[in-house]
Amino acid sequence: MRATVRQAARATVQLAVSAAMTFGSYIFVTVLLITAILTATVVGAFMLPETVLLIRRIAGAKRQQAGAWTGRKIPEAYQPLTGTLRERLRTAVRDPGTLTDFRWMVAYYAYGTLPVLMLPLWPLGLVVDGVWCGLLRRRAMVLPLISKLADLDAHWSTALLKPSPKAQLAVRVEELTQTRAGAIAAHEAELRRIERDLHDGTQARLVSLSMRIGLAKRAYDQDPAAARRMLDDAQTLAEEALTDLRHVVRAIHPPILTDRGLVGAVRALAASSALSVTVTVDGLADGHDGPRAPAAVEAAAYFVIAESLTNAAKYSGADRADVHLARARTGLRVRVRDEGRGGADEAGGSGLLGMRRRVAALDGGVTVTSPVGGPTVIEVELPCVW
C-alpha cells in the first residue's frame, strides 16, 4: 500500500504539471486568435513567427515532461526561423513541425482535462484501497488508476508531438548541408596547410638543393674540395626535404595506420607523447587481427587522439592522460581524458573546431567536457559497419 501511494503521488505531480500547462494553453488561445486576425489583415504578419516560436517552447516543455515520465526522449525537428520577415513567415508556414505542434495543441485542449479525473480517485482510493489492501491483503485497484492517467497523457503527447518523417527528413537535410559545408571548409584548410608546408619547407629546401648542385658543378673543375663540400650540403638538404615530405604525407594519412592498425598506431602515438598516456582497448584487436574500421574512420580517430594529446601537452598543464578505444555495435568510440586545468574553448583555436569538422564529415559526434579546474574529457563516436 505504501508503494502504491508513493507511485500515485508521483503520478499526481505529473498530472498537476499537465493541468498547469493545460490552463496555460487555454490562455494562449487568445494569443492565437489575435495572431490569426492580424495576420489575415497583413498588419500583424510579424507576429506569426513569434507565435510559432512560443508554440515551439510550449511543445518543447511538454516533450520534456512526457519524456521524463516515460524515460524516452521525444525528438524535435524544426527548421530555424531566421532571415528576413518574408523568409521567417515562409519557414513558419511551411515547416512540418508547425503543423505537428498545432495539431497537438488542438488535441491537448481536449485530453488536457485528464488531470481532473484524478481528483475523485484520491479520496475513493484511500478508502477502497485502504480496506482492500490493508484488511484483505489484496492488490490496490483505485490508486493505480492515477498512474494510468499519467501514462495515458504521456502516451498521447508522445504520439502527437513525435516529428513526422517529413520533418525529420528536412532537419536531416539541414544537418547534412551544414556537415558538408564543414567538411569542405576542413578540406580547404587541409589543402592550404599542405600547400603552406610544401611551399615554406620542402620547396625552399629543393630550391636551395638545386642551387647548391649548380654551384658545385661550376666549382668542380677549379676547386674540387669546395665542390665536394657543396655536394655534402646538397645531400643534407635532400635528406631534410625527404623528412619534410614524410611529415606532409604522415599528416594526410599516417602510414603507421596501414602498417599496424589503429590500436598499434595509438600505442605508438602514446609512447611518443610528452605525457604519460595510458591506452585501454575494448573489443578491438591489435595489428591486422580481427575486423577493422574503414580507413577514413581510423584516420579520423587517430587525428582526434593526436590533436587531443597535443592540446593536453601544450595547454592543460597535466602530466598524464588516458585514451580509451571501444568497438560499439554502431561504430567506433574514442575517449581522451586529462587531469589538467580544463577550460578548453573551441573559440580559442582551430584544433577543436577542426576535430569537430573532421568527425562531422563522417556523420559522427564530438562531446567536449572541460570545466574550469578540469578534467577535460573529449568523447567521439564515429559510425561505421564492422
Applying salt bridge (Lys or Arg N to Asp or Glu O under 4.0 Å), run through K62 and D101 and close with a yes or a no. CA-CA 11 Å; K62 187 61 182 179; D101 291 347; over 6 Å; no

With a 4.5 Å heavy-atom cut-off, do [X] and [Y] have their side chains touching?
X: V266; Y: V334; answer: no
X: T98; Y: V93; answer: no
X: R88; Y: T91; answer: no
X: T280; Y: D322; answer: no
X: Y78; Y: L53; answer: no
X: L257; Y: L262; answer: yes
X: S147; Y: R10; answer: no
X: D151; Y: W69; answer: yes

Identify whether the distance between the nearest side-chain nitrogen and carboxylate oxygen of R56 and D95 falls below 4.0 Å. yes

[Y] reachable from [X] in the ILVMFWY side-chain graph, under 4.5 Å edges:
X: L89; Y: V52; answer: yes
X: L99; Y: L160; answer: no
X: V380; Y: V279; answer: yes

Does the side chain to side chain contact (heavy atoms under 4.5 Å, CB included) test come out yes or no for L284 and L332, once each step is laid out? CA-CA 9 Å; L284 292 173; L332 177 67; 3.6 Å; yes

Verify whether one side chain among Y111 and T22 offers a donor that lies under 3.5 Å from an acceptor in the other. no

Using the ring of each side chain (for Trp, its six-membered ring), is W104 parallel, tilted or perpendicular to Y108, with breaks at 30° and 60°? parallel

Measure from the side-chain N and O atoms of R63 to the backbone N and O of L161, and report whether any donor-acceptor pair falls under 3.5 Å. yes

